[in-house]
Amino acid sequence: MARNKQRDRAAAAASVVETVDGGLAELIPDRERPRAWTLLIDGAPQSHVDLDDPAHLSFEYQRRLGHIADLVAPPNKPLQVVHLGGGAFTLARYVAATRPRSTQQIVELDGALVQLVRRELPLDTGARVRVRSTDARAGLAKVQDGWADLVVADVFSGARTPAHLTSTEFLAEVRRVLRPGGFYAANLADGPPLTHLRGQIATAASVFPELALTADPTVLRGRRFGNAVLLASDRELPVAELTRRVATDPHPGRVEHGRALADFAGGAAPVTDASAKPSPVPPASVFR
């Protein structure tokens with residue numbers, strides 16, 4: 001017990017706490033990895049970064065986004081990626097490490113958070129990563145047509161995805177930015193009765209012909225609040241390989257696509273700018 005308390009005190013002393021535009025940011029050191037950190041905003045875990053091993057993805061949903069980045073193109077092929085939402089730049093670091101010479105753009109509204117991450121968790125000097133401190137949709141509008149192999153949406157404000165990043169109009173902008181055959185991947189959060197998640201599937205289906213969804217089975221069954229990663233494209237998706245990878249994760253997940261995914265959406269209507277709402281507020285128990 002005494003040793004545990006000593007470790008807790010040491011971790012607290014090494015933590016970095018700073019107020020950013022989105023709330024109170026905390027960088028908590030990982031006790032098992034010497035140069036790894038978890039970023040929290042107002043107590044909600046946002047990102048995990050290992051500076052010694054940027055290809056290590058600790059969070060369940062980040063591993064699934066990593067699988068998608070792996071499958072968008074043949075191994076080692078450089079990518080052009082747009083990240084909507086920066087956090088601690090976890091996935092951008094992953095792509096830079098696994099696909100050298102990739103060119104990436106991060107759009108992160110919270111300028112103070114960007115400064116904190118750059119100072120405390122600096123990017124590798126060889127990484128081709130540009131960071132813009134602006135609204136995700138406004139930043140996306142500045143990306144040229146057909147530029148990106150992959151667009152990743154992982155934007156949360158107060159643990160909720162803003163309404164204007166949930167609509168058909170937003171996804172039309174995403175599709176404009178993607179080159180033919182490119183992937184769109186979104187980190188979504190929802191709980192029972194999964195109204196938001198079903199609506200996002202319907203919205204994506206109105207813009208992209210091919211969809212897949214991966215999540216923990218308990219989330220898909222509506223038994224708890226959690227993350228789901230939506231994948232969309234204008235080409236056939238590598239569903240079999242994605243399913244294999246997700247099934248062998250430390251926390252195995254399930255992949256839905258085709259008729260099963262359409263049935264899961266249950267006739268939900270696509271979301272437009274006029275009807276859009278933020279994603280639901282997570283229950284307090286999620287972050288305990």
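Leu84 contributes atom CG, which lies 10.0 Å from atom CD of Gln105 (distance to the nearest 0.5 angstrom). Put simply, OG1 on Thr166 and CZ on Arg160 are 11.0 Å apart, with the number rounded to the nearest 0.5 Å. For the atom pair CG (Asp234) and OH (Tyr184), the distance works out to 15.0 Å, reported to the nearest 0.5 Å. If you take CG on Asn187 and CG on Leu230, they are separated by 10.5 Å, rounding to the nearest 0.5 Å. From Thr90, atom OG1 reaches atom CG of Leu39 across 8.0 Å, with rounding to the nearest 0.5 Å. Note that CG of Leu188 is 7.5 Å distant from CG of Leu213, once rounded to the nearest 0.5 Å.
No single ILVMFWY cluster, assembled from side-chain heavy atoms under 4.5 Å apart, contains both Val155 and Ile41. Grouping the Ile, Leu, Val, Met, Phe, Trp and Tyr side chains by contacts below 4.5 angstrom, directly or via other members, places Leu165 apart from Phe156. Tracing side-chain contacts under 4.5 Å through hydrophobic residues (I, L, V, M, F, W, Y), one never reaches Val143 starting from Val131; they form parts of separate clusters. Leu123 and Leu116 fall within a single hydrophobic cluster, where Ile, Leu, Val, Met, Phe, Trp and Tyr side chains are chained together by heavy-atom contacts under 4.5 Å. Both Leu171 and Ile201 belong to a single network of hydrophobic side chains, linked directly or stepwise wherever heavy atoms of I, L, V, M, F, W or Y lie under 4.5 Å apart.
Taking each heavy atom of Ala268 and Ala202 in turn, the nearest pair found is O-CB, 3.2 Å. Of all the heavy atoms in Ser133 and Gly111, the pair that sits closest is OG-CA, 3.7 Å. What you find for Ala14 and Pro29 is that their closest heavy atoms are CB-CG, 4.0 Å. Closest of all the heavy-atom pairs between Pro78 and Pro100 is CG-O, 3.6 Å. The heavy-atom pair separating Gly182 from Ser233 by the smallest distance is O-OG, 2.8 Å. Pairing each heavy atom of Leu109 with each of Asp21, the nearest pair is O-OD2, 4.4 Å.
Between Arg93 and Leu51, some side-chain heavy-atom pair lies under the 4.5 Å cut-off. You'll find the side chain of Thr203 stays beyond 4.5 Å of the side chain of Phe170, heavy atoms only. Looking only at side-chain heavy atoms (C-beta outward), Asp30 and Asp50 stay at 4.5 Å or farther from each other. Considering only heavy atoms from C-beta on, Asn227 stays 4.5 Å or farther from Val219 through its side chain. By the 4.5 Å heavy-atom criterion applied to side chains, Val177 and Val174 are not counted as neighbours. Side-chain contact check for Thr134 versus Val107: some heavy-atom pair is nearer than 4.5 Å. When side chains are defined from C-beta on, Ile106 does not count as touching Arg132, because their heavy atoms never get closer than 4.5 Å. Considering only heavy atoms from C-beta on, Leu220 comes within 4.5 Å of Phe264 through its side chain.
Applying the side-chain hydrogen bond (donor to acceptor under 3.5 Å, both in side chains) test to Glu18 and every residue at least two apart in sequence or in another chain returns Arg119. For the salt bridge (Lys or Arg N to Asp or Glu O under 4.0 Å) test, residues two or more places apart in sequence or in another chain that qualify with Glu60 are Arg64. Asp110 pairs by the salt bridge (Lys or Arg N to Asp or Glu O under 4.0 Å) definition with nothing, not counting sequence neighbours. With sequence neighbours excluded, no residue satisfies salt bridge (Lys or Arg N to Asp or Glu O under 4.0 Å) with Arg223. Residues passing the salt bridge (Lys or Arg N to Asp or Glu O under 4.0 Å) test with Arg130, sequence neighbours excluded: none.
The list of salt bridge (Lys or Arg N to Asp or Glu O under 4.0 Å) pairs with a residue in residues 194-222, not counting sequence neighbours, reads Asp216-Arg224. Listed by first and then second residue, the ring-ring contact (aromatic ring centres under 6.0 Å, His included) pairs involving residues 15-50 are His48-His56 (not counting sequence neighbours). Screening residues 243-257 for side chain to side chain donor-acceptor pair (under 3.5 Å) gives Arg63-Asp249, His67-Asp249, Asp70-Arg245, Glu241-Arg244, Glu241-Arg245, Arg254-Glu256 as the qualifying pairs, with residues at least two apart or on separate chains. Note on residues 190-244: no pairs pass ring-ring contact (aromatic ring centres under 6.0 Å, His included), not counting sequence neighbours. For residues 166-184, every residue pair satisfying the salt bridge (Lys or Arg N to Asp or Glu O under 4.0 Å) rule, not counting sequence neighbours, is listed here: Asp145-Arg176, Asp149-Arg179, Glu173-Arg176.
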Q: Kindly determine whether Asp135 and His164 satisfy side-chain contact (heavy atoms from CB on, under 4.5 Å), including the steps that lead there.
A: CA-CA 10 Å; Asp135 172 77; His164 69 297; 2.8 Å; yes
Q: Show your working on side-chain contact (heavy atoms from CB on, under 4.5 Å) between Arg128 and Gln104 and close with a plain yes or no.
A: CA-CA 6 Å; Arg128 300 177 181 180; Gln104 303 183 75; over 6 Å; no
Return a table of donor-acceptor pairs under 3.5 angstrom between the side chains of residues 273-283 and protein atoms on other chains or two or more places apart.
unit_1: Asp273; atom_1: OD1; unit_2: Arg137; atom_2: NH1; d: 2.9
unit_1: Asp273; atom_1: OD1; unit_2: Ser167; atom_2: OG; d: 2.6
unit_1: Asp273; atom_1: OD2; unit_2: Arg137; atom_2: NH2; d: 2.8
unit_1: Ser275; atom_1: OG; unit_2: Thr272; atom_2: N; d: 3.1
unit_1: Ser275; atom_1: OG; unit_2: Thr272; atom_2: O; d: 3.4
unit_1: Ser275; atom_1: OG; unit_2: Thr272; atom_2: OG1; d: 3.3
unit_1: Ser279; atom_1: OG; unit_2: Thr161; atom_2: N; d: 2.7

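Formation of a donor-acceptor pair under 3.5 Å by the Asp42 side chain with backbone atoms of Gly23 is not found in this model. Side chain of Glu108 to main chain of Val114: no donor-acceptor pair is present (N/O by atom type, distance under 3.5 Å, no hydrogens or angles).
Grouping Ile, Leu, Val, Met, Phe, Trp and Tyr residues whose side-chain heavy atoms lie under 4.5 Å apart, directly or via other members, places Val239 in a hydrophobic cluster with Leu57, Phe59, Tyr61, Leu65, Ile68, Leu71, Val72, Leu79, Val81, Leu91, Tyr94, Val95, Leu150, Val152, Phe183, Val229, Leu231, Leu237, Leu242, Val246, Val255.
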